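Contents: one structure, followed by commentary.
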Protein chains: 2
Amino acid sequence: MPVRPARIQDVAAAAGVSVSTVSNVLNRPERVNARTAERVRDAVAALDYVPHPGAAGLRTGHSSSIGLVLPDVANSFYSRIARGAADAAYEHGYALVLCDSGDAPEREQGYLTMLVEQRAVGVVVVPLSADPTRLTRLRERGIPLVLADRAISAQDGCSVSVDDIAGGRIAVQHLLERGARDILVVNGERAIRQCADRHQGARQAVRSRREARLDQVVAKEMTVAYGVEIARRLDDLPDGVFCTNDFLAAGLCRGLGERGVRIAEEVQVVGYGDLDIASFVGTPLTTVRQPVEELGRAAVEMLLDEVEARAEHAHETRVFAPDLVLRDSTRSPSAT
Amino acid sequence: MPVRPARIQDVAAAAGVSVSTVSNVLNRPERVNARTAERVRDAVAALDYVPHPGAAGLRTGHSSSIGLVLPDVANSFYSRIARGAADAAYEHGYALVLCDSGDAPEREQGYLTMLVEQRAVGVVVVPLSADPTRLTRLRERGIPLVLADRAISAQDGCSVSVDDIAGGRIAVQHLLERGARDILVVNGERAIRQCADRHQGARQAVRSRREARLDQVVAKEMTVAYGVEIARRLDDLPDGVFCTNDFLAAGLCRGLGERGVRIAEEVQVVGYGDLDIASFVGTPLTTVRQPVEELGRAAVEMLLDEVEARAEHAHETRVFAPDLVLRDSTRSPSAT
DNA sequence: CGGGCTTCGAAAAACGTTTCAGGCGCGCCC
DNA sequence: GGGCGCGCCTGAAACGTTTTTCGAAGCCCG
C-alpha cells in the first residue's frame, strides 16, 4: 500500500515547530537549539521522513546528480571508469547517471541534452570523437565538464588521462633491462592517439641505449587473431616484443607458440592494459597496468571540486602514471 | 558565461501566450491550435528552452529516473546488464542511476535509501544476498521493483533471470549428441544457485540416454587456476566435460593440454557464460551464451510497464533461455 | 438573429523545499 | 528599570512546472 510519503510540513506539525525550523535542523543544525533539534529528529524518525531533493533543488538551483557519458559500459576499460566514478559519487552523496552512448554520436548528443534538462550538476565525458565542439552546449549552460581519456584545453575544463607515453616507455625499458636489444612494437593504427603515444614512449626508451634497435609492425585490428597472424609472418625473430594491447600480445604468444618459439626464453613479450586475458593466457603476460578506476574517481572528484569551489577552482589536467605487472612472459624459468 | 536558463515563463512572454499554453504545447499538443503551437515552438527554439524535469516532477509526483543497483559494474556480467538497462532507459526517456554496491550490503542499503530520497520511479536490483527483506523499504514506499538474476515471490514484483537448468541441459545434450557418454561436470560450490541449477540441467539431459553417465567434481573457486588443477588430478578421462563457467573450462583445457590430451578429439569441453576468454583461448570454447543484455533491457521494460500501467500491471517472472555457441572444443578437426 | 456548443487560451493553485527578513522573549548592562 | 543585543524561531516568498477550472470567442443551426 503506497503510503503518501511524509513531507517536511508533517514533521513540523509532529514536532510542534515551523517548517523552516525543520529545514534548519536538517541543513544547518548549529542554528537551532539542541533540545528542539532533538524533538525534530525524533519526529523525522517517527514519520520516516525523507527529504525530497528534487524540491530542494528547485529552490537552491542545484541538483544532486552528475552524468557519466561513455561509449560502452560493457567494455572493461569503461566499466572500470564507471566503477571508480560510482565510488566517488557515492561517497560525496551524488547520484551518478549512466549514459551509454553506444558509439553513436547522436546518442551521445541526446544524453548531453538530457543531462542539461536534468540540471545535472556536472558531467564526466569519455567522448566518442576528438572533436569537442559537441560539448559546447554544456559549457554554454555553465555545466562543469571533465573529460576523461582525452585532453581538453585548460581554459575549458579539467581532464584526466593515463600517460600512454610513459606506458610505452616503461614497457620497453623493462624489455631492455631484461636484456632484449632487438625490439619489435606490435601496434594498432597510428591514427589512434593511444597507439601513437605508446610507440613514442617505446622510442624514448630505446634512445637511451645505443646498442638497441626498434621496429614496428602495425596490425589492422587489435585482436587476438591479428596477433597470431603477425607471429606467423615474422621473418627474423626479435628478442623482445612490445604489443600495445593485450589481445595482440595474447595472439602473438599463441602464434609464436605454434612456431615452437619459447616465450620469455627466446622472445620476451610485454602487453598493454592488464586485461583479464593477460593473466589467463598460457604464459601469463607481463603487461602495463592502467589505474583506470582511479581515472574515474579522480574525474568525479575534480568535477565536484569545480562544483563546490566554483570561483577559486582552477582547471587541471591530471595524468596518471601506468605501471608494470610482471608475469611469466618476460621471466625466463631460470630466473627467480 | 553561465546564462540563466530560460523558464517556461520567458517562452510564454516571447510567444505572447500564457504559461499554461506553453505547457500544453509541450505536453498535450492536441489541445492547442496548430498556429499557436508553432509560434510557441519557435519561441522555445529561439530561447533554447529546456524544461526542468525536477520542477515538473515536483508537480506531477513522478521523477524520471530509475535506479540500477548491482554488485559490481566492472564485472562483465553486470556491466552487460547495465548496458541493456541503459539502452532501454534511454529509449523511454528515463535517466538510469548507476548504483554499484561493491559487494557491501550496507552500501546496497545506502543506495536504496538514496533512491527513495530521489523519488526514483522504480528500481532494478541485482541483489547481493538472497534475502529480500532489505528491499521492503522500497516496497513500503510504493516504488516498483524488478529483481534481476534472482527470483521474487510473484506478489512482490517482477523478476528476470536466465534459465540455468536449461543451460546445463543444452550443454550436456550437445556433448551427448557429439557422442560423449562418460560426462564430467566441473562445478562450483553447490551452495551457489547457478551451479546447482546447471548441474540439475546436466542430470536431466543425461537421464534421457540410458547408456550415458554423469560425474561431478566441485572446484573451490571458479577460476582458471582451479580448472588447471582439476585437469591435472583427473584419474580416468571422461569423453565429455561440462564446466559450469568459462574460467574453469579454460583452465581445464590448459591442464589437459599439458597432459597431452587433445581437446575435442579425446575430450570434448563445454563452458558456460561466453566470456571473452572463451573465444581467445587456445582451442576456442563451445559455451553457453546467456542473453544478459536482454536481461537488463527486459528488467527496465517490465519496470516501466509497472510504472505506466499501474493498475492493470501484473507481476511477471521472465526467464530467458540461454543458447549454445559452437566452437572448436567440441568440434574435432575431421568434422566440418 | 440568437442560443448553445465547441474550441482555445488564461489564471491560479499546488507540488516540497530553502531562505530571507523579521519577531519574540530573555538576560545583561548601564 | 529600561534599552539593547542575542539566540531562537516563524512567516512568507520563491523556485519552475502541471493541471484544473473557467471565461471568451466563434461557429452551427434553428
Side-chain angles (χ1 to χ4, degrees), chain A residues 2-41 43-44 47-65 93 116-121 141-142, chain B residues 2-41 43-44 47-65 93 116-121 141-142:
Chain A
V3 207
R4 186 157 146 310
R7 300 158 306 164
I8 198 173
Q9 210 179 109
D10 304 328
V11 177
V17 296
S18 80
V19 175
S20 19
T21 301
V22 177
S23 175
N24 280 332
V25 170
L26 264 27
N27 302 310
R28 296 118 96 194
E30 73 282 1
R31 289 207 186 173
V32 41
N33 181 290
R35 271 179 45 80
T36 345
E38 192 177 350
R39 226 165 10 135
V40 169
R41 265 188 274 271
V44 166
L47 295 177
D48 193 20
Y49 165 72
V50 285
H52 188 318
L58 184 55
R59 178 64 233 251
T60 60
H62 306 309
S63 87
S64 63
S65 63
V116 169
E117 285 178 5
Q118 314 249 340
R119 265 61 169 180
V121 84
R141 292 281 177 179
Chain B
V3 208
R4 187 157 145 310
R7 299 159 308 164
I8 198 173
Q9 211 178 107
D10 304 327
V11 177
V17 297
S18 81
V19 175
S20 29
T21 303
V22 177
S23 174
N24 278 332
V25 170
L26 265 28
N27 302 310
R28 297 121 95 194
E30 74 281 3
R31 288 208 186 174
V32 42
N33 182 291
R35 272 178 45 80
T36 347
E38 192 178 349
R39 226 167 8 136
V40 169
R41 265 187 274 271
V44 166
L47 295 176
D48 193 20
Y49 166 72
V50 285
H52 189 317
L58 184 55
R59 177 63 232 251
T60 60
H62 306 309
S63 86
S64 63
S65 62
V116 169
E117 285 179 7
Q118 314 249 342
R119 264 66 169 178
V121 84
R141 291 284 176 177

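We name chains A, B, ... by the order of the sequence lines, and we start the count at 1 in each one. None of the values given here were measured: they were computed from a predicted structure.
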5'-most to 3'-most nt of DNA chain D touching chain B (<4.0 Å, heavy-atom partner on protein side) reads D/dG16 to D/dT19

Identify, with sequence neighbours excluded, every residue that meets side-chain contact (heavy atoms from CB on, under 4.5 Å) alongside A/Val50. B/Val116, B/Glu117, B/Arg119, B/Arg137, B/Arg141

Round to the nearest Å and state the distance from A/Leu58 atom CG to C/dA14 atom P. 17 Å

Give the minimum heavy-atom separation between A/Val22 and A/Ala12, together with the two atoms involved. CG2-CA, 3.6 Å

Whole angstrom value for the distance that separates P of C/dA10 from CD of B/Gln9: 13 Å

In short, side-chain hydrogen bond (donor to acceptor under 3.5 Å, both in side chains) pairs touching residues 55-65 of chain A with sequence neighbours left out are none

By the 4.0 Å heavy-atom rule, please label B/Val17 as base, sugar-phosphate, or nothing. sugar-phosphate

According to side chain to side chain donor-acceptor pair (under 3.5 Å), who are the partners of A/Ser20, at least two apart in sequence or on a separate chain? A/Ser18

Would you work out how much the helix from C/dC1-D/dG30 to C/dC30-D/dG1 bends between its ends, with each end axis defined by five base pairs, to 10 degrees? 50°

Give, ordered by number, those residues of residues 47-55 of chain B having at least one heavy-atom distance below 4.0 Å to an atom of DNA chain D; if nothing qualifies, reply none. B/Tyr49, B/Val50, B/Pro51, B/His52, B/Ala55

Each nucleotide N or O in nucleotides 21-24 of chain C that has a protein N or O under 3.5 Å away: list the pair and distance.
none

Near DNA chain D, which residues from residues 21-35 of chain A have a heavy atom under 4.0 Å away? A/Thr21, A/Val32, A/Asn33

Among pairs that include at least one residue of residues 8-23 of chain B, which meet salt bridge (Lys or Arg N to Asp or Glu O under 4.0 Å), considering only residues two or more places apart or in two chains? B/Arg7-B/Asp10

Residues A/Val17 and A/Thr36: closest non-hydrogen pair is CG1-CG2, 3.8 Å

Pairs of donor and acceptor atoms involving the side chains of residues 25-35 of chain A, under 3.5 Å and at least two apart or interchain, shall be tabulated with distances.
{"unit_1": "A/Asn27", "atom_1": "ND2", "unit_2": "A/Ser23", "atom_2": "O", "d": "3.1"}
{"unit_1": "A/Asn27", "atom_1": "ND2", "unit_2": "A/Ser23", "atom_2": "OG", "d": "3.3"}
{"unit_1": "A/Asn33", "atom_1": "OD1", "unit_2": "A/Arg35", "atom_2": "N", "d": "2.7"}

Tell me every residue that passes side-chain contact (heavy atoms from CB on, under 4.5 Å) with B/Ala55, counting only those two or more places apart in sequence or in another chain. A/Leu58, B/His52

Taking only residues two or more places apart in sequence, or in another chain, which ones meet A/Ala56 in a side-chain contact (heavy atoms from CB on, under 4.5 Å)? none

